[in-house]
Every structure is written in C-alpha cells, then in structure tokens.
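No hydrogens, no waters, no symmetry mates; every other heavy atom, side chains included, goes into these values. Numbered from 1 within each chain, the chains take letters A, B, ... in sequence-line order. This is a predicted model, so every value here is computed, not measured.
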Amino acid sequence: MTKDAVAAALDEIGTLLGLQGENDFKTRAYGNAARLISQLDGDLADIVAKKQLGKIRGIGEALEEKITTLVTTGRLQYLEDLRAAVPPGLVEMLRIPTLGTKKVKLLHDKLKVSTLAELQAACDRGEVADLAGFGAKTQQRIIDGIRFLGTVGKRVRVDQAALVANTLLERLRKLPGVIRAEVCGSVRRKKETSKDIDILVSAVGASPIMAAFVAFPEVTQIVAQGPTKSSIVATMQVGGSSIVLGADLRVVSDDQFPYAVVYFTGSKEHNIRLRQIAIEKGLSLNEYTLSGPRGPKDNVKVADEAGVYKALGLPFIPPELREDTGEIEAALAGTLPVLIEPSDIRGVFHNHTLASDGTATLEQMALATKALGYEYFGVGDHSQTLTIANGLTPDRVRAQWKEIDKLNEKLEGVTILKGTECDILPDGSLDFDDELLAGFDYVVASVHSHFQLPEAEQTARVCKALSHPATTMLGHATGRLLLRREAYKIDLDAVLKAAAQHGKMIEINAQPDRLDLDWTYVKRAKAMGIPIVINPDAHATDELALVPYGINVARRGWLTAADVFNARSLKEVLKELKRRKGG
DNA sequence: GCCGTTTTCGGCCCGACTGTTTTCAGTCG
C-alpha cells in the first residue's frame, strides 16, 4: 500500500471517529498521522519492515500497529468496521461549510438523516431549524451549502489562486490607510493547489478596509464579516472558464503585522512548532505578539517576519518549507538549504515546436528563451509513435538536426540543444532505435499512453526505460493532471531507486496543471542524489515563462541550485551530456 | 490517539466569527 493510500485510510479513520463522537484529540491524532505518513521521507515499506514507525513523533503503539497492518496486508478491519458503522452520506455532509463532525452527528442522531438528499428534505420541512443549537440561519446556511457544493470549496491550481489573490491584493494596496499587505496561506507557501486565499493587511483603521473589501467587484458572496476578519467568495473569468475561490482578509495594526504574517502563512503544523519553541523559551506566540511571562511589558518587539524567527532563536525559514517536515530541526541545526531561485536557471530541455505539437518555430522558441536570459534552448519534440501530437519520424528528426546546426551558426547568445521527448512504449522500450537515439544531445523519456496498466507493469515499464543507456531524464513521472486526472498507478519509490541506480535525472514539469514530480518525492530524490531538471514543457513561446512554477516545487522539495541540472551553465551542461554518452 | 526535566495521568496552540445562547459550543484556519 502506498503512502498516499495509507494516509487516506488514516484520515478517513479520524473523520469516521469524529462522526461517532470520539474526542477531538484522538481524531486529531489520526489526521496528524496521515500527514506524517504522506510527507514521510524514505520508503514506507522499509520503515515498517525495520519497525522504525514508532520513532516518528506523533506515531505511538496503536498507530504503528494499524499502519503496519495497512502496509503489509493492504487492509484494516478496524477501518472497515468504522465504514460499516457510519453512513457515507455523513462524510459528504462535512463538505458543507460550517458543518463539522459534531453538527453532522447531531443531525444524524436527532433527525435520522443519512444522505445529502435526506438532509435537504429535513431543511425543507424546517426540522433543522427546530433542533437545539440550530436555528433558521443555520438551516439556511446548510441549504446554501448543499447548493454551492459543486463550486465553492473546491481546490484550484496555484496559477489560478495566485491570479485571484494578486488581483485582490493590488486592490487592497490602493486603499487609503493600508500600510502593509501580503498574500499568506498556501498561496505564499507555493502549494500546487489551494482551497482558499488568505490576505493580511496592516492599517490604522480596519472597518473602512473591510467595507471596501467586501464590495470589490470580484466578490460574489460574503460568508462572514467582522471588525478584523472577513470571508468572501471571489469569482473571476479567465480564458472562458470561471475561478470560484474563497478568500479571507485579516486586518491588524502595523506592529502586529510581523507576527500575523507568520501566523497566516502557516502551515498550521509549522505554527504549532513555533508556539512550542516560544513556550520552551518562556514566551507565548500568537498572531498579534510574542509575549513574555510577565505580560505586555515583556513583549518582544520586531519589525518584520525575520525578526519573529530571530526572537525564537531561528534563522528565517522560507515559506515554501513551512510544513513541519524537518525545517524546524534544520533551522535549529543551522542546516537549512539555500533554496534555488528563478534567476539560477540557465536553460531548458523539454519543449515543443511546430515540428510536433508546439505553436512556434525552433528559431522563435530559441529567441524567446534568450529573451528570458537563458543560455540554451533544448528542443524535445514528440517521437514517432505519438501521431496525435505529430511525433517526428527518424527522417524528420535528422532534418531538424540540420536545421538546428544552421540556426546555431546564425544565432548569438543562445544555443539550441538536440533533444527528444521520446515515448516510453508499453513494454518499456524507447520509440527510436539506438542508432538514432545516440545522435541526440539528450533524451527525455515520457509515458503518453497505456495509463491503465497495473501498477507492477507500469513500474517495470518506466524502470526499464530508465535503464536504457540513451535515456537522460524522465519526463512528467506520474502523468497526473492536477484536479483533472489521477496519476497512473506506479511505485514511485521504485522509480526513484531505478533512477539513482542508473544515474538518470528526473524532471519537475513546470506546467501548472502537472507539477510532476510532486515536491514530496523531489525531497526524496534529492536525498538519493538524483539530479532534478526543471522543464517548462513549453508548447508556445509564452509557456517558457512557466519555469517559476517548477521552481516553486523545487523549493518545496528543499532543492538548492546545485541540485538542479539546468542551473548549470551551457559549458557544464554540454560537458556532462557528453560524459553521459560515453564521450 | 500521543506524550513526558510537572513521566503512566492529564494535558494536548489558540483566537475570530457565527449562531445560538444569556455565557458558550462549533467551526475554521
């Protein structure tokens, strides 16, 4: 059973226990364990086999036993019993905003509702409003919640969230009285998807800002509006589709801003660790202040976010690392990585031109690459089998090589590299013969077909492609399309092992709907010494600018410039590619 | 459920907002 599957099972146990009225701390322990497992470094099966699970802070005897059973047998009677005892409709009800486990349990116990339809009917009859602790407004919120389930509360991609967040941020910055304003939350931590937007503002007076905020043209619903906090739903139309996303605004005084920006950037788990460190120092950290044991007169005053970390005895921790996956320990030990920056990138390898399914010529793409300040443009058009994307036949490949040689004589300040995005065929072989493959500067091997293979076959297929001497790097390792298509079933830990064994690189595909390899595996790949390549997979000149989305993933995966192959200069890249070809 | 320089019990981060109460529980982050 994979980490994600184990984590999902633990999360489900926590939810089901909550719906049975189990105490919050117990249910939270399961949720916490789910997070620990999903973000675990190293191979879960190994850790289980070596009985090392109990050493993880937050996993005790009971969880170790349940996780071990899940990993070794693929099932857990305890979970199946819970599923049998709790109607699945109750879990669905939790997706309604303002409904948590306690209210759902009460609705089920008192009104005998077990499905969304039954809950809707009970609301229509006015029965919910009559329940103790409920009322007319709560009933209306539930009715609205059921109606909006399809749109509000869904996650959106980071590029979409950033667009809405920055639109609101720019409007806020123009308001009179606003001193500092920042997007916080998962958008600032550069997570691949976001459930909502958090914006923090410091100002002299909060109420005019709140009033202006809820009246912004993007605001389609006001969920809550208080003196310092408001929640709204924002809607924006982009390219024919609409983005619907919740946004919270908090307004604080300017001396509270540094503490608040830490607090609202999160993650929640990171904040809890910071608060514990404060307690160990006899201090108390909340979103407004860092106070000492004798109250306000002991308050530690700082000017900015870095000052908060310094006061806790820590170096500044970049937002991308704030997930409580070891960054606190690294900060305490002084071993935080110097994360890669967009400006470290010197070129790109995986891109398409008009020759396959791109929209620009080789020359246009190369010049656009140069305009971004890069030294090399690697073309990686599709290979012959991928006819739907106009994959290149061997003859067309040789013609493209000639064109590249000509362009390289003519162009200044940018060099075109001869690459291919070569299909990994169902049996794991590559889509060109060895002689042709040897003529490329490098080969990006990718899966574009047969996504439904059983996990063992899919894994063997990709591992075989990685063992091919011509393969340089693996493209989009899981084929996932965020929020649209699941990753194909594959044992990524086995793939990483194969890459390490054969000395191959792995791509971070920077397309915002891919961001594949996922950051949790990027971190593990680094630990295994696997070089990472950040590729825009550009099909048009403007898509070359997607590289920063890949940088986000690299930073969340703790990568430094030294860990990323295309942070190397053209000279170094050519030397390494030549070495790999045995020359 | 977990955890331990208050160690096998009794805590577990903490504040804003809402809706229901008339002092607080639930939800959310």
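For the pair A:Ile142 CD1 and B:dG19 P, the interatomic distance rounds to 12 Å; values are reported in whole Å. Rounded to whole Å, atom P of B:dC3 lies 12 Å from atom CZ of A:Arg273. With rounding to whole Å, A:Leu16 atom CG is found 15 Å from B:dG1 atom C1'. Between the C1' atom of B:dT21 and the CZ atom of A:Phe134 lies a distance of 14 Å, rounded to the nearest Å. In this structure, the CZ atom of A:Arg275 is 13 Å from the P atom of B:dC12, given to the nearest Å. The CD atom of A:Glu65 sits 10 Å away from the P atom of B:dC2 (whole-angstrom rounding).
Within the structure, every side-chain polar atom (N or O) of A:Thr98 is placed at least 4.0 Å from both OP1 and OP2 of B:dG26. For B:dC13, one of the phosphate oxygens OP1 or OP2 lies less than 4.0 angstrom from a side-chain nitrogen or oxygen of A:Arg28. Distances shown here put every side-chain N or O of A:Ser231 at or beyond 4.0 Å from the OP1 or OP2 atom of B:dC17. Listed pair A:Asn286 / B:dG15 meets the phosphate criterion, a side-chain N or O lying under 4.0 Å from OP1 or OP2. Contact check, A:Lys105 against B:dG26: no side-chain N or O comes under 4.0 Å of OP1 or OP2. Under 4.0 angstrom from either OP1 or OP2 of B:dG19 there lies at least one side-chain N or O belonging to A:Arg141. The phosphate of B:dG29 (OP1 or OP2) has no side-chain N or O of A:Lys229 nearer than 4.0 angstrom.
Across the interface with DNA chain B, nearest-nucleotide mapping of A:Lys268 and A:Ser230 shows A:Lys268 to be the residue nearer the 5′ end. Both A:Ile96 and A:Gln139 sit near DNA chain B, but only A:Gln139 has its closest nucleotide nearer the 5' end.
Side-chain atoms of A:Tyr263 stay outside donor-acceptor range of the base of B:dG15, with no qualifying N/O pair under 3.5 Å.
B:dC12 and B:dT18 are spaced 27 Å apart, taking the P atom of each and rounding to whole Å. Here the separation of B:dA16 from B:dG11, taken at their P atoms, is 24 Å to the nearest Å. Using atom P as the reference point in both B:dT22 and B:dC28, the two lie 24 Å apart (nearest Å). B:dG1 and B:dT5 are spaced 24 Å apart, taking the P atom of each and rounding to whole Å. Rounded to whole Å, the separation between the C1' atoms of B:dC2 and B:dT7 comes to 13 Å. Using C1' as the reference atom, B:dC14 and B:dC9 are 23 Å apart when rounded to the nearest Å. Of the C1' atoms belonging to B:dT8 and B:dC13, the separation is 24 Å, rounded to the nearest Å. As rounded to the nearest Å, B:dG15 and B:dG10 have P atoms that lie 25 Å from one another.
Within 4.0 Å of A:Thr228, counting heavy atoms only, lie sugar-phosphate atoms of the nucleic acid but no base atom. Looking at heavy-atom distances under 4.0 Å, A:Thr101 makes contact with sugar-phosphate atoms alone, never a base. Within 4.0 Å (heavy atoms only), A:Leu36 reaches no atom of the nucleic acid at all. At a threshold of 4.0 angstrom between heavy atoms, the contacts of A:Tyr78 are confined to the sugar-phosphate backbone, with no base atom among them. Among the atoms of the strands shown, only primed sugar atoms or phosphate atoms (P, OP1, OP2) are found under 4.0 Å from some heavy atom of A:Ala136. A:Phe25 comes within 4.0 angstrom of a base, heavy atoms only. At the heavy-atom level, A:Leu285 lies nowhere under 4.0 Å from the strands shown. Nucleic acid contact class of A:Asp196 (heavy atoms, under 4.0 Å, all strands): sugar-phosphate only. Using a 4.0 Å heavy-atom cutoff across all strands shown, A:Gln225 reaches sugar-phosphate atoms only and no base atom.
By the 4.0 Å N-to-carboxylate-O rule, A:Arg555 lies close enough to A:Glu320 to be salt-bridged with it.
By the 6.0 Å contact criterion, CD on A:Glu80 is enclosed, its count of non-hydrogen atoms from other residues, nucleotides or ligands being greater than 12.
A donor-acceptor pair is defined here as one N or O able to donate and one able to accept, closer than 3.5 Å; no such pair exists between the side chain of A:Arg189 and the backbone of A:Pro318. Side chain of A:Arg28 to backbone of A:Gly14: no donor-acceptor contact under 3.5 angstrom is found.
Here B:dG1 is the nucleotide among B:dG29, B:dG1, B:dT27 with the atom lying nearest to any side-chain atom of A:Tyr30. Of the candidates B:dT18, B:dT27, B:dG1, the closest approach to any side-chain atom of A:Leu63 belongs to B:dG1. Checking B:dT20, B:dT18, B:dG1 against the side-chain heavy atoms of A:Ala224 singles out B:dT18 as nearest. Here B:dG26 is the nucleotide among B:dG26, B:dC17, B:dG15 with the atom lying nearest to any side-chain atom of A:Lys103.
Between A:Leu10 and A:Leu79 there is no side-chain heavy-atom pair separated by less than 4.5 Å.
Between A:Ala85 and A:Gln20, the shortest heavy-atom distance links the atoms CB-NE2, 3.6 Å.
Donor-acceptor pairing under 3.5 Å is recorded for the side chains of A:Thr265 and A:Arg188.
Between atom CD1 of residue A:Ile534 and atom CG of residue A:Leu559 there is a gap of 6.5 Å, rounded to the nearest 0.5 Å.
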